[in-house]
2 protein chains.
Amino acid sequence: MKATIYDVAKEAGVSIATVSLVINGKGKISEERREEIRQIIMRMGYKPSMIASALTGKKTYALGLLVPDISNPFFAEIARAVEDEGQRHGYSVFICSTDNKDEKVEHYAALLQQKNVDGIIIGTGLKELSVLKPLLQGGVPVALLAREFPSVVVPSVVVDDYAGGAAAAEHLISLGHRHLAVLAEQDSISSSRERVRGFKHTAEAAGITLDPAFVLSSGIKEGKNKAQELLQRDDRPTAIFCCNDMLAIGALRAAKELGLRIPQDCSIVGFDDTVLASVTDPPLTTIAQPIEQMGQTAVQLLIRQIGQPGEQPERIVLTPSLSIRQSSMALRRYPEQSIS
Amino acid sequence: MKATIYDVAKEAGVSIATVSLVINGKGKISEERREEIRQIIMRMGYKPSMIASALTGKKTYALGLLVPDISNPFFAEIARAVEDEGQRHGYSVFICSTDNKDEKVEHYAALLQQKNVDGIIIGTGLKELSVLKPLLQGGVPVALLAREFPSVVVPSVVVDDYAGGAAAAEHLISLGHRHLAVLAEQDSISSSRERVRGFKHTAEAAGITLDPAFVLSSGIKEGKNKAQELLQRDDRPTAIFCCNDMLAIGALRAAKELGLRIPQDCSIVGFDDTVLASVTDPPLTTIAQPIEQMGQTAVQLLIRQIGQPGEQPERIVLTPSLSIRQSSMALRRYPEQSIS
DNA sequence: ATAATCATTGAAAGCGCTCCCCTTTGCGCG
DNA sequence: CGCGCAAAGGGGAGCGCTTTCAATGATTAT
């Protein structure tokens with residue numbers, strides 16, 4: 001059986017209180033005793049049970065991370081950053097893939113609460129804001145990552161999605177494109193909405209109006225089909241802005257299936273700049289999110305919230321940056337006939 | 001404050017034992033009382049603390065997943081499968097990225113043990129096998145995923161790496177390649193060794209000897225450089241087998257930087273078939289691992305081990321399959337001069 | 001030398017829950 | 001009418017640890 005604090009105490013001929021104090025480096029214990037007990041702990045291979053210490057009203061040193069899908073590279077990279085930063089502060093993290101389904105969010109939220117996690121990072125969208133209520137009522141510290149729910153006051157890290165969308169538009173417009181399309185995520189996802197808004201406004205400011213028929217929403221699965229819809233039109237756009245890299249990849253595939261060349265026949269700009277963007281064919285021009293920093297910051301905000309529950313929640317805005325690769329190019333002013 | 005079982009008991013006018021029994025659906029309680037207490041639990045929003053119930057000698061319903069890097073798509077996909085299958089059985093999972101460093105493995109192993117996880121899935125390599133000892137001695141159920149340590153008897157899921165390597169060789173040889181090279185992972189990783197072995201043997205059986213100078217080991221970071229080494233030789237290989245897709249991508253990049261065309265100037269075969277393989281330029285011919293099944297099986301084995309600690313550990317071998325895309329092609333028998 | 005002061009350490013009360021085992025109550029039966 | 005028994009529910013002892021508070025002996029001031 002595993003050694004307990006009692007075993008150590010008996011072995012050392014002291015009370016468990018003393019052992020506890022030594023472990024936590026507290027109290028007034030003579031240095032000799034301290035060292036002696038440390039030796040014994042080492043020798044017995046004793047490791048205090050975090051379960052028991054958690055029960056004593058202390059913390060569990062566990063965090064929950066809610067994301068849509070850990071197998072999506074963007075969230076996998078986020079997870080890594082969260083894990084590392086958590087680790088740095090002594091926290092372990094539970095991963096929870098919600099598939100953006102409220103039921104799953106609800107399920108995981110309740111579960112994490114039962115597991116008494118010290119805090120939860122929410123990096124997943126939710127249709128019904130009410131799923132968060134039990135958490136907030138339960139007093140579980142929460143930090144929002146790349147998501148926002150205006151009516152909820154909790155710390156959050158976001159990237160300036162509007163600016164990102166705008167940057168995409170600027171890039172495309174500067175390349176001469178005027179016939180633009182957008183492939184967005186579901187409308188319920190605020191970051192996507194913002195990206196589209198930034199894109200749209202910037203286009204409008206340049207005198208370009210986006211035909212609603214050229215602004216499609218879709219999940220990752222149907223992304224390719226939606227892109228194909230766009231690409232098959234007679235008045236096919238000369239550039240498509242995709243609200244994430246997965247969608248952009250769908251577009252790339254759609255183009256390939258239709259025999260269209262990217263970027264010659266259509267420029268494509270993605271969003272995220274995960275590992276995927278650099279390995280596609282062609283490599284994706286995309287709006288880069290500072291993923292690592294996002295994860296780190298979220299953990300920091302959360303931990304601060306855990307420490308000072310009352311404190312005014314902070315809202316940190318990170319700035320995305322344009323990463324130009326080969327899926328976008330200047331519009332040819334005088335399109336030649338296809339040579340085939 | 002959060003409601004406890006006492007609050008519920010008081011509210012219902014029964015003892016906490018009764019409430020506990022109702023929660024766990026045990027004992028002899030009249031159906032009316034049962035229902036009544038359920039109502040109260042619901043009404044009060046009471047959720048039993050898993051910490052407390054874990055302390056009472058029960059399970060924590062938490063698993064640990066040790067992988068080299070959760071941001072690596074292969075492991076991210078594994079993680080998703082593990083998470084889902086775990087969830088299906090009521091378990092949550094802690095992610096632990098070890099970067100293949102023994103110290104981190106050790107650190108996480110100890111941590112998970114302190115957190116009293118019910119079991120650990122080890123999907124990371126280790127140089128020193130001894131880091132596992134504390135776990136096994138501590139009686140923590142363990143399952144190995146895509147790794148093997150012959151001297152340790154624990155359940156494990158592996159794919160037949162040897163067969164995978166062989167399949168890669170067969171493919172390449174059938175395309176007429178005879179001048180082969182291999183980009184392997186560190187030698188400490190047994191799966192990589194097996195892949196190389198399968199590849200080598202198959203090549204030899206076809207009368208092809210691999211010059212050791214054409215078998216390079218490298219981490220993902222230096223993969224590109226190693227590939228460049230290979231590709232810059234005067235007697236450049238006509239095909240490279242890379243022990244994972246990341247390495248293959250490194251090779252793809254190296255080729256591009258050197259102005260070499262893939263697959264015309266050199267065929268490349270990867271291993272894993274993560275999402276990456278399908279989005280590269282060109283899409284990767286690769287040996288596909290049944291990732292989802294691997295994750296699921298690992299969880300199942302682990303859970304079985306948790307249930308019957310004494311039971312003879314099972315070893316399940318899954319079979320990889322060749323997934324042909326565009327990074328490999330038949331060797332041109334009479335190489336033309338480069339046109340440029 | 002004696003009381004007062006400190007540094008050390010131990011005893012014990014929980015934390016919220018599970019589970020063994022005992023008490024109470026209600027019945028059927030001789 | 002008394003007995004045994006089953007059913008229903010309560011009591012209470014932990015699980016391993018933290019922490020408060022008091023007790024102990026040592027130390028120092030008077």
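Chain letters run A, B, ... following the sequence lines, proteins first and then strands; every chain starts at 1. Below, each value reflects all heavy atoms present in this structure, side chains not excepted, and no hydrogens, waters or symmetry copies.
The bend of the helix from dA1(C)-dT30(D) to dG30(C)-dC1(D), defined by the angle between the axes of its first five and last five pairs, stands at 60° to the nearest 10°.
Applying the salt bridge (Lys or Arg N to Asp or Glu O under 4.0 Å) rule to Arg80(B) yields the partners Asp69(A), Asp99(A), Asp84(B); only residues at least two apart in sequence or on another chain are considered. For Arg88(A), the salt bridge (Lys or Arg N to Asp or Glu O under 4.0 Å) criterion is met by Glu85(A), not counting sequence neighbours. Among residues two or more places apart in sequence or in another chain, the ring-ring contact (aromatic ring centres under 6.0 Å, His included) test is passed with Tyr91(A) by Tyr61(A). Glu36(B) is linked by a salt bridge (Lys or Arg N to Asp or Glu O under 4.0 Å) to Arg33(B), counting only residues two or more places apart in sequence or in another chain. Not counting sequence neighbours, the partners of Ala81(B) by the side chain to side chain contact (heavy atoms under 4.5 Å, CB included) test are Glu292(B). Arg34(B) is linked by a side chain to side chain donor-acceptor pair (under 3.5 Å) to nothing, counting only residues two or more places apart in sequence or in another chain. For Pro141(A), the side chain to side chain contact (heavy atoms under 4.5 Å, CB included) partners are Leu302(A), Gln305(A), Ile306(A), not counting sequence neighbours. Applying the side chain to side chain contact (heavy atoms under 4.5 Å, CB included) test to Ala109(B) and every residue at least two apart in sequence or in another chain returns Leu135(B). Checked against salt bridge (Lys or Arg N to Asp or Glu O under 4.0 Å), Glu314(B) has the following partners two or more places apart in sequence or in another chain: Arg304(B).
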For nucleotides 14-19 of chain D, 5' to 3', base contacts (B), sugar-phosphate-only contacts (S) and non-contacts (-) with protein non-hydrogen atoms under 4.0 Å give BBBBBB

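Put simply, CD1 on Ile37(B) is 13 Å from P on dA8(D), counting in whole angstrom units.
A nucleotide of DNA chain C counts as in contact with chain A when one of its atoms lies under 4.0 Å from a heavy atom; the first and last such, 5' to 3', are dT8(C) to dG16(C).
In this model, a donor atom of one side chain and an acceptor atom of the other lie less than 3.5 Å apart for Ser97(A) and Glu83(B).
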